[in-house]
Amino acid sequence: MSRWLITNARLVSDGETIETDVRIERGRIDRIDGGLSARPREMVVDANGRYLLPGMIDTHVHFREPGLTRKGSIATESRAAVAGGITSFLDLPDTLPATTTRRALADKFSRAQGRSSANYGFFLGAAAGNLAEIRATGAAETCGVYICVGGSGRDDAIEDPERLAQYLSATALPTVLHGENSAVVEANRARALSRHDGELKASVHPEIHSREASRAALDLVSRLAGRQRLHLDGISTIEEAEALEAGRLDQKTSTASVLLPNLYFMDADYDSLGNLIKAEPSIKTASDRQALRRALSDDRIDIIASGHAPHLLREKGPRYNAAAAGMPVVQFALPVAWSMVAARMLSPDKLVEKVAHNPARRFGLVDRGFAREGYWADLAMLDSGRRCVVDEQRLLSHCGWTPFAGRKLPATVAATWVSGKLAWREGLLTGQVPGMGLDSAPD
């Protein structure tokens with residue numbers, strides 16, 4: 001069924017919240033108006049005053065396919081995503097093989113077709129020897145180019161400024177940079193190992209993947225930002241947040257995003273969660289978390305992404321050195337993000353700007369990211385009067401665990417429409433698999 005009438009909704013879009021009805025026809029928003037009457041063969045959903053938002057466009061996920069499907073797949077992780085109010089995702093290139101060729105991009109789109117519950121786009125990764133591929137790839141094939149500028153044990157990192165400049169000049173596509181200074185990370189690790197006799201705990205993680213490592217990578221990127229408009233992914237510290245440019249996304253030289261774990265957890269949580277929240281960038285102090293939230297409010301950070309990176313539970317511990325970095329996030333994405341609204345750090349319309357409007361603007365996603373007549377009906381109904389009790393939820397990510405277990409999040413995703421089809425309602429998948437490839441316009 002693709003004909004819907006949503007009544008009595010609090011619709012949040014374009015900087016305002018209005019009480020209205022929304023009609024969906026042929027996958028798109030046909031009419032936004034009060035007092036709409038149901039038509040024949042039209043399914044009616046009474047929102048009863050709940051929020052109706054443009055669905056989250058998640059610009060940072062690792063859905064693990066191909067090659068790492070023991071951890072997750074496009075099918076499993078997209079089902080978890082729609083449960084969390086995500087209607088579109090942009091998948092990173094660190095699969096096996098890595099997504100560094102046009103053929104690999106085409107393979108991902110083929111895998112997603114008919115299997116993804118959410119709309120999908122895929123980044124082309126920068127790697128040694130693929131400059132020609134980057135130059136030849138257009139907006140119809142990828143949502144952008146993703147460049148790792150450093151980290152721990154990364155063989156795809158591009159840290160040399162001259163080489164990085166070559167990659168930046170090779171494309172006019174949206175270009176995303178992420179990472180840390182590898183030399184700083186490894187020096188931190190050596191000191192930590194020496195100090196702790198080789199036995200490390202998760203609480204040392206932000207000491208190894210430190211604010212200095214993050215800031216050094218940001219400084220490198222900033223020196224090159226004048227060449228083209230860049231997007232900085234995974235801001236995690238006070239220092240980075242304060243160095244960012246404030247203002248409207250479309251008026252900035254460069255833009256930036258923050259990942260949900262860095263907005264929700266803090267270093268004190270390592271004591272109870274240990275390796276479960278080991279991630280890169282690392283989760284840092286309560287002061288860093290507060291600074292990131294402020295940077296969202298004053299428009300120095302433009303986008304909130306989930307950072308979803310599932311691993312099997314056995315890959316997360318108990319030894320810190322062997323534990324994988326990353327965690328599953330998407331099933332609880334919007335409820336976690338709403339915690340900033342509940343804490344009065346962000347207004348509902350500001351949150352929608354960060355999770356839907358700005359991702360669509362930054363990556364040129366056509367007719368997505370807004371609740372407007374004529375746009376695709378990618379919508380999430382959020383019940384802010386009903387807590388999401390995580391330990392009572394059925395987990396949908398293939399890895400079968402969550403760092404949010406036992407948490408009471410301040411809102412529940414009551415329903416999710418993807419391209420006009422109902423994919424999730426009241427705690428259950430509907431069986432619809434409506435995901436479509438995302439159309440992009442040049443940045």
Side-chain angles (χ1 to χ4, degrees), residues 55-65 68 71-92 94 116-118 120 178 202 205 233-236 257-266 269-270 273-284 289 292-293 296 301 303-313 315-316 323-340 351 354-356 359 380 382 388-391 393-413 416 424:
M56 182 172 177
I57 299 173
D58 194 345
T59 62
H60 184 131
V61 304
H62 306 259
F63 277 4
R64 303 305 193 193
E65 188 175 353
L68 297 167
K71 302 172 186 278
S73 67
I74 291 169
T76 61
E77 306 316 289
S78 67
R79 289 198 291 267
V82 298
I86 295 167
T87 52
S88 300
F89 64 86
L90 306 183
D91 185 58
L92 270 63
D94 57 340
S116 181
S117 295
Y120 45 88
H178 172 74
H205 190 59
D233 190 29
I235 301 300
S236 66
S257 62
V258 62
L259 306 181
L260 279 173
N262 297 92
L263 290 171
Y264 187 82
F265 297 111
M266 56 184 174
D269 292 313
Y270 288 110
L273 294 172
N275 293 330
L276 295 183
I277 57 169
K278 179 183 178 182
E280 297 174 14
S282 65
I283 291 160
K284 298 181 174 70
R289 182 179 68 173
L292 296 173
R293 293 177 172 186
L296 284 167
I301 295 179
I303 291 173
I304 299 171
S306 75
H308 180 79
H311 296 283
L312 297 180
L313 191 56
E315 296 172 317
K316 292 296 287 182
M327 68 191 86
V329 180
V330 291
Q331 186 169 346
F332 307 102
L334 265 185
V336 169
W338 195 262
S339 64
M340 287 177 290
L351 180 67
K354 304 301 182 180
V355 301
L382 199 71
C388 174
V389 183
V390 174
D391 59 358
Q393 301 296 307
R394 182 172 62 90
L395 299 180
L396 297 171
S397 285
H398 180 71
C399 64
W401 64 275
T402 173
F404 302 105
R407 307 273 173 155
K408 293 181 179 179
L409 303 175
T412 298
V413 177
T416 306
W424 173 261

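Numbering of residues begins at 1 and proceeds along the displayed sequence. Heavy-atom basis, side chains included; hydrogens, waters and symmetry copies ignored. It should be emphasised that the depicted structure is a prediction, and the values quoted were computed from it without experimental measurement.
- His60 meets the side chain to side chain donor-acceptor pair (under 3.5 Å) test with His62, Asp233; sequence neighbours excluded.
- Smallest separation of non-hydrogen atoms from Val336 and Leu260: CG1-CD2, 4.0 Å.
- No donor-acceptor pair closer than 3.5 Å links the side chain of Lys408 to the backbone N or O of Gly406.
- In this structure, the side chains of Asp269 and Tyr264 stay at 4.5 Å or more apart for every pair of heavy atoms.
- Considering all non-hydrogen atoms of both residues, Ala75 and Glu65 come closest at N-OE1, 4.4 Å.
- Between Arg64 and Asp94, the shortest heavy-atom distance links the atoms NH1-OD2, 4.2 Å.
- Between the CG atom of Leu68 and the CZ atom of Phe63 there is a distance of 14.0 Å, given to the nearest 0.5 Å.
- Remark: the backbone N or O of Ala305 is not paired with any side-chain donor or acceptor of Asp58 at under 3.5 angstrom.
- Residue pairs that meet the salt bridge (Lys or Arg N to Asp or Glu O under 4.0 Å) test with at least one member in residues 71-80, sequence neighbours left out, are Lys71-Glu315.
- A distance below 6.0 Å separates the ring centres of Phe265 and Phe404.
- Taken to the nearest 0.5 Å, the CG atom of Leu382 stands 9.0 Å off from the CG atom of Leu351.
- Val329 is listed as a side-chain neighbour of Pro261, based on a closest heavy-atom distance under 4.5 Å.
- Residue pairs meeting the salt bridge (Lys or Arg N to Asp or Glu O under 4.0 Å) criterion with at least one member in residues 303-312, sequence neighbours excluded, do not occur.
- Under the side chain to side chain donor-acceptor pair (under 3.5 Å) criterion, Lys354 pairs with Asp299, not counting sequence neighbours.
- Leu292 CG to Ser236 OG: the interatomic distance, rounded to the nearest 0.5 Å, is 7.0 Å.
- Using modelled atom types, no side-chain atom of His311 and backbone atom of Ala324 make a donor-acceptor pair closer than 3.5 Å.
- The main-chain N or O of Ala81 is never found under 3.5 Å from a side-chain atom of Trp424 such that the two would form a donor-acceptor pair.
- Here the closest non-hydrogen pair linking Val413 and Ala83 is CB-O, 3.5 Å.
- For the pair Pro281 and Asn262, the minimum side-chain heavy-atom distance is below 4.5 Å.
- Ring geometry, Tyr270 versus His205: the interplanar angle exceeds 60°, so the pair is classed perpendicular (tilted spans 30 to 60°).
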Walk me through it: do Ile304 and Leu296 pass the test side chain to side chain contact (heavy atoms under 4.5 Å, CB included)? CA-CA 8 Å; Ile304 299 171; Leu296 284 167; 3.8 Å; yes
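- No donor-acceptor pair closer than 3.5 Å links the side chain of Arg407 to the backbone N or O of Val390.
- Rounding to the nearest 0.5 Å places OG of Ser116 at 9.5 Å from CG of Asp91.
- With hydrogens and angles ignored, the 3.5 Å screen pairs no side-chain donor or acceptor of Thr416 with any backbone N or O of Ala380.
- In this structure, Arg293 contributes its side chain and Leu263 its backbone to a donor-acceptor pair below 3.5 Å.
- Proximity of a side-chain donor or acceptor of Lys278 to a complementary backbone N or O of Lys316 within less than 3.5 Å is not detected.
- The side-chain heavy atoms of Trp338 and Leu409, taken from C-beta on, include no pair separated by under 4.5 Å.
- Among all heavy-atom pairs drawn from Met327 and Pro403, the shortest one is SD-CG, 3.7 Å.
- For the pair Ile303/Ile57, no side-chain contact is recorded, criterion being any heavy-atom separation below 4.5 Å from C-beta on.
- Shown here for Pro335 and Gly84, the closest heavy-atom pair between the two residues is CD-O, 4.1 Å.
- In this structure, the separation between CD1 on Ile283 and CD1 on Ile277 is 4.0 Å, given to the nearest 0.5 Å.
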Take Lys284 and Ser282 through the test side chain to side chain contact (heavy atoms under 4.5 Å, CB included) and record every step on the way to the result. CA-CA 6 Å; Lys284 298 181 174 70; Ser282 65; 3.0 Å; yes
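- Qualifying side chain to side chain donor-acceptor pair (under 3.5 Å) partners for Thr402, counting only residues two or more places apart in sequence or in other chains: none.
- Between Pro310 and His398 there is no side-chain heavy-atom pair separated by less than 4.5 Å.
- At a threshold of 4.5 Å between non-hydrogen side-chain atoms, the residues Ile74 and Tyr120 do not count as touching.
- Side-chain contact between Ser306 and Phe89 is absent, with no heavy-atom pair separated by less than 4.5 Å.
- The backbone N or O of Cys399 sits nowhere less than 3.5 Å from a side-chain atom of Ser397 that would complete a donor-acceptor pair.
- Partners of Thr76 under the side chain to side chain donor-acceptor pair (under 3.5 Å) rule, at least two apart in sequence or in another chain, are Ser73.
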